[in-house]
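One-based numbering, in listed order, for ligands and for the atoms of each. Hydrogens, waters and symmetry mates are skipped; everything else that's a heavy atom, side chains included, is used.
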Amino acid sequence: MADLKLNITEKPDLDKARSRVRQEIPVVRDEIVVPERLIQFAQGKKYFIRTYGCQANVRDEENMRGLLELTGFTSVDDEKLADFVIINTCAIRENAEDKVFGELGILKGLKAIKPEMLIAVSGCMVQQTHIVDTITQKYRHVDLMFGTHNIHHLLELLDEAITKKTRVVNVPSKYGEIVENMPSKRNHRFKAFVNIMFGCDKFCTYCIVPYTRGKERSRLMDDVIKECKELVTQGYQEITLVGQNVNSYGKDFKNGTTFAQLLEAVALTGIPRLRFMTSHPWDFTDEMLDMIAKYDNIMNHIHLPFQAGDDMILRLMARRYTVASYLELVKKMQTKIPQLTLTTDIIVGFPNETEAQFQGTLDLVEKVKFDATYTFIYSPRKGTPAHKMLDNVPYEEKQKRFYRLKELVDRIAKEKSDTMVGQTYTVLVDGVSKHNPDKLSAYTESNKLVHFKGDAALAGKLVRVRIDEANTYTLFGSLIDDQA
Ligand code: 5AD
Ligand code: SF4
């Protein structure tokens, strides 16, 4: 494969990404221009997108799909059949990045057989200078790199790569803007993610997100509500409002707008199920709890990452709460919302974590009894403050702690699931189970997966199901009523 010329128009810059000087946040409402040559190029051509990471990335993928389909490109499920492949990446941990490099290796082989295949890398990974350098030097079969801030320019950048026959790198590090009016092709027929804000200003010391996604900035309430109303009209059954820390919604408007007000306005659209994530334990308000308690269509489920069960580690992580204040918040939540289910994220093996500090994490898990816990081994991220901390804990010890924690969270999740046996719940039917064509898959209010026998036509409906049997993370039940 002959090397194409490299055209770097913008490269990510960590210092720029870190900057939080006060600046106006523009709301961009430009019309999307579809380059004429791209329309001709895309005729009969297929695209494939693989997304890693969080809901923000999933939503970005949906926008990319919307854009590409304006040109005539159609979607394909198998990358081998694609003319244009996008790998939409996550930078939160090293193993997410390793998977992408593995995938790029496979794509190199595919491109050797099919040289006209175009390959793009997008998302959080390429917002880091060292990753852009590695890809331009060692993965020369990648034709295009664009970031989290310029998805709306995808068509122009692709057009440039095609017409100028160059490898294009355009990854600005920005304070950020709000881009409205982006076309979107959603991945799910009746469950939708709706962005309410972008970026993050918390700067937890281990986390790369504030650098890859820019300043915390909220979408205007009117724009969010308009999108939600359209989803209700289209028959959507569930909306999840997404942001790195939804509690911060509206603070940047400096006019008293709060997340609780937005939550109420979305609940009033009549969407049958309303969720939100993620919430930081530091600025979770009573007003939010009151809203959850007030509206039946706001699900009684809060994802409340605690990360570590030790005050010193929490301070080193810059999390702004203590074990005691976290437990106090949990108690308040459970008092105001008796049916509440809680889920969390935990990091094991933060630099210099002692056995006693790790024990604090186990104790907290035992006390709160989360319905589901997402556990991670700490992964140093270049450019973050924690990356510079010397670490005296060997990786094998971190792995051992990880497995000890995993055993505990699985035991508790199983106990929680067991308490559901014999009870009847309202579930939203997703469709036929991917693993068993005789069964349907559905989700409870707490987002637990339930399998039961039923007609495929129930997909998208809220029905009543009795739980007969429980595995740790999957329930098995029987249909009691095909209407909730
Ligand atoms: N290493 C391990 N886990 C991390 N997370 C964020 N950054 C890191 C990191 N450097 C975890 C946190 C967060 C979740 C989305 O990912 O637990 O809540
Ligand atoms: Fe990362 Fe902390 Fe922001 Fe979450 S709140 S995205 S963990 S910096």
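Using the six-membered ring where Trp is involved, Y326 and Y321 have ring planes that are tilted, between 30° and 60° apart. In this pair, F284 and F276 present their aromatic rings tilted. The plane angle is within the 30 to 60° band.
Residue-level proximity to ligand 1 for I377 is carried by the backbone, the only part with a heavy atom below 4.0 angstrom. When non-hydrogen atoms are compared, ligand 1 lies under 4.0 Å from the side chain of F376 (C-beta onward) but not from its backbone. In I92, the parts holding a heavy atom less than 4.0 Å from any atom of ligand 1 are both the side chain and the backbone.
Remark: ligand 1 atoms within the under-4.0 Å shell around heavy atoms of Q307 are 12 (C), 13 (C), 17 (O), 18 (O). Which parts of ligand 1 touch R93 is read off a 4.0 Å heavy-atom cut-off, strictly below it: atoms 1 (N), 2 (C), 3 (N), 4 (C), 5 (N), 11 (C), 16 (O). Ligand-side atoms of ligand 1 in range of R381: 10 (N), range being under 4.0 angstrom from any heavy atom. Close approach of ligand 1 to Y378 is summarised as follows: ligand atoms under 4.0 Å from at least one heavy atom of the residue are 1 (N), 2 (C).
Between the CG atom in N245 and the CG atom in N247 there is a gap of 4.5 Å [rounded to 0.5 Å].
At a cut-off of 3.5 Å, with distance as the only test, a side-chain donor of T444 or S446 sits close to an acceptor on the other residue.
Not a single heavy atom of I208 sits under 4.0 Å from any atom of ligand 1.
Residues H188 and F193 keep their aromatic ring centres 6.0 Å or farther apart.
Here the side chain of T344 pairs a donor or acceptor atom with the backbone of F306 at under 3.5 angstrom.
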